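Along the sequence shown, the residues carry numbers beginning at 1. Quantities reported herein were computed from a predicted structural model and do not represent experimental measurements.
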Amino acid sequence: MESDSPRSETQTDPLINPLDELCHDLHSLQDLANRGAWRSIIDKVARARALSLLQKPHDHLTYLAFNALAFTKLRRFNEASSELDSVEDLDSSHYRYETYPKVYPNRVGSMVPFSLRWLHALIPIKLGQRQQGIDRLYNLLDFVREKIRIKEDDNLSASVRVWRKREVFVVNCIIGHHLSHKEFGVCLSLIKTLISRDPEDPFLISQLGYIQLQTGDLEGAKDSFLKAEGDGKNHGSLSEVEFKNLANRNKALIYMVGKDYVSAVREYDVCIERDHSDIVAFNNKALCLMYLRDLSDSIKVLENALERVPTVALNETIVVNLCSMYELAYVNHSDIKRTLSSWIARVAPDDFDSTCTRT
């Protein structure tokens with residue numbers, strides 16, 4: 001929620017942020033979402049609506065947000081759009097706590113979950129209406145920055161941190177869409193604006209380096225990665241392990257661009273030794289080994305990742321790469337991929353795209 005009451009200072013989630021003590025059976029919804037049980041969420045919402053369990057205005061909005069998110073995760077974008085169409089203007093007085101003083105005494109502000117605003121911008125893009133979606137993302141960014149200004153004026157430091165996270169989240173969404181259309185100038189401008197407010201954040205500076213690599217600015221990327229590493233003391237919002245692995249992965253990327261795959265593998269090995277759940281390191285190490293024509297070991301790396309940390313490693317990129325390696329390495333790759341597909345069917349969340357195995 002976006003309540004302006006003092007109690008909202010305790011909120012930290014950058015995407016869905018309803019008030020636990022107010023929403024009907026919220027913990028159950030959150031647990032289902034954490035487990036990727038999106039179909040169960042849709043069933044739960046339908047049941048709650050049918051039994052009239054949602055008594056307060058914010059209950060309806062919170063359940064609608066989970067429902068729209070579940071449809072989106074399952075790539076049922078038309079149904080997600082229909083959910084959103086049932087909501088009036090998100091800034092309507094109907095969705096403010098002070099409109100219902102008897103229901104929400106001493107509480108003011110919007111009860112609209114931030115995720116609902118984000119989905120309102122995302123869904124048009126998923127339905128092929130890119131310009132409308134991009135416009136809404138920029139409007140959302142303006143909305144977030146205005147919230148930051150208000151919270152700063154009111155000296156609400158915890159709320160400022162939440163909205164800063166949301167700002168980075170929205171900017172990253174916008175950058176992702178511009179990158180997909182090779183609109184690099186806009187991406188560089190957006191990330192540099194974020195960096196100007198936090199010039200020593202290693203995560204943001206690394207993102208600048210990744211964009212520079214895509215533009216072919218290798219020297220610029222090297223400079224950014226060196227700056228991100230700094231003296232090793234400023235971790236930003238990252239833990240020490242996350243920071244060190246970020247630095248090693250950045251070095252490995254430079255090696256990969258220079259086709260020094262052996263050195264890149266060494267950097268990724270350091271990451272994996274330090275953090276057994278660093279899936280980016282697993283994936284990129286496997287790719288380096290494949291480029292070195294060591295298909296057997298590259299397959300072992302990804303299989304090991306899926307075995308050791310399946311809840312983290314099971315994503316479409318890992319599986320697509322593994323299946324490509326099977327196709328290159330084995331004559332009977334169809335049987336092997338079917339075995340993999342059977343395992344995925346047992347353990348994957350509802351939103352996993354099983355077609356990525358190409359069986």
Side-chain angles (χ1 to χ4, degrees), residues 12-14 144-145 148 151-152 155-176 179 184-288 301 305 309 312:
T12 58
D13 191 319
V144 170
R145 286 175 172 168
I148 291 171
K151 302 296 184 183
E152 286 178 336
N155 294 316
L156 299 174
S157 58
S159 289
V160 169
R161 287 194 294 272
V162 171
W163 286 97
R164 285 289 183 200
K165 289 181 181 179
R166 289 172 172 173
E167 180 186 25
V168 172
F169 175 80
V170 175
V171 168
N172 281 333
C173 289
I174 296 172
I175 286 175
L179 280 178
F184 300 121
V186 182
C187 299
L188 289 169
S189 176
L190 285 165
I191 196 66
K192 286 178 179 178
T193 298
L194 289 181
I195 292 173
S196 69
R197 296 170 187 166
D198 196 352
E200 296 184 352
D201 187 310
F203 175 75
L204 294 177
I205 298 169
S206 294
Q207 285 188 304
L208 172 61
Y210 305 149
I211 297 170
Q212 289 168 320
L213 279 180
Q214 294 196 50
T215 67
D217 183 7
L218 179 59
E219 293 305 314
K222 287 180 179 179
D223 289 342
S224 293
F225 292 156
L226 283 173
K227 185 177 179 182
E229 188 172 4
D231 59 7
K233 295 180 180 178
N234 183 10
H235 301 165
S237 60
L238 305 175
S239 68
E240 183 177 357
V241 169
E242 290 171 335
F243 172 76
K244 288 182 176 179
N245 274 27
L246 177 68
N248 285 114
R249 291 198 305 268
N250 289 346
K251 292 175 185 176
L253 270 181
I254 297 299
Y255 285 132
M256 287 184 73
V257 172
K259 299 186 178 180
D260 184 357
Y261 301 120
V262 173
S263 296
V265 166
R266 282 199 294 267
E267 296 293 337
Y268 290 128
D269 278 337
V270 172
C271 293
I272 293 167
E273 180 65 27
R274 190 183 290 128
D275 178 6
H276 299 322
S277 64
D278 190 334
I279 299 308
V280 174
F282 274 112
N283 182 69
N284 289 0
K285 177 186 175 181
L287 291 177
C288 288
V301 168
V309 283
V312 180

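- No donor-acceptor pair closer than 3.5 Å links the side chain of D275 to the backbone N or O of C271.
- Minimum heavy-atom separation, S224 to Q212: OG-OE1, 2.6 Å.
- Using a 4.5 Å cut-off on side-chain heavy atoms (C-beta onward), E273 and D269 make no contact.
- Contact of the L190 side chain with the L194 side chain is not registered, since no non-hydrogen atoms from C-beta on lie closer than 4.5 Å.
- Residues L213 and I254 are in side-chain contact: their nearest non-hydrogen atoms beyond the backbone lie under 4.5 Å apart.
- Separating the CG atom in N284 from the CG atom in L253 is a distance of 6.5 Å, to the nearest 0.5 Å.
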(message) Please determine whether side chain to side chain contact (heavy atoms under 4.5 Å, CB included) holds for the pair D223 and K227, giving the CA-CA distance in whole Å, both sets of side-chain angles, and the decisive distance to 0.1 Å.
(response) CA-CA 6 Å; D223 289 342; K227 185 177 179 182; over 6 Å; no
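- Applying the side chain to side chain donor-acceptor pair (under 3.5 Å) test to E240 and every residue at least two apart in sequence or in another chain returns K244.
- Contact detail for A281 and Y268: the closest heavy-atom pair is CA-CD2, 3.7 Å.
- Rounded to the nearest 0.5 angstrom, L218 CG and K222 NZ are separated by 4.5 Å.
- A salt bridge links R249 with D278: at least one charged nitrogen is closer than 4.0 Å to a carboxylate oxygen.
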(request) List the steps and the verdict of side chain to side chain donor-acceptor pair (under 3.5 Å) for N172 and Q207. (result) CA-CA 9 Å; N172 281 333; Q207 285 188 304; 2.8 Å; yes
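- With rounding to the nearest 0.5 angstrom, the CD atom of E229 is 11.5 Å from the CD1 atom of I205.
- S206 contributes a side-chain N or O that, together with a main-chain N or O of P202, makes up a donor-acceptor pair within less than 3.5 Å.
- Distance NZ/K251 to CG/L246: 11.0 Å, rounded to 0.5 Å.
- Looking at heavy atoms from C-beta onward, I195 lies out of side-chain contact with D201 at the 4.5 angstrom threshold.
- For F184, there are no ring pair (Phe, Tyr, Trp, His ring centres under 6.0 Å) partners, not counting sequence neighbours.
- Side-chain contact between K259 and Y261 is present, with at least one heavy-atom pair separated by less than 4.5 Å.
- Residues T193 and R145 meet the side-chain proximity criterion, which asks for heavy atoms closer than 4.5 Å.
- Counting non-hydrogen atoms of neighbouring residues, nucleotides and ligands closer than 6.0 angstrom, the CD atom of E152 exceeds 12 such neighbours.
- Counting only residues at least two apart or in different chains, ring-ring contact (aromatic ring centres under 6.0 Å, His included) contacts with residues 218-257 comprise Y210-F225, H235-F243.
- From S237, atom OG reaches atom CZ of R164 across 13.5 Å, with rounding to the nearest 0.5 Å.
- Here I148 contributes atom CD1 and R161 contributes atom CZ; the two are 13.0 Å apart, rounded to the nearest 0.5 Å.
- Side-chain contact between K151 and V162 is absent, with no heavy atoms from C-beta onward closer than 4.5 Å.
- Put simply, the side chain of I272 reaches to within 4.5 Å of the side chain of K285, judged on heavy atoms.
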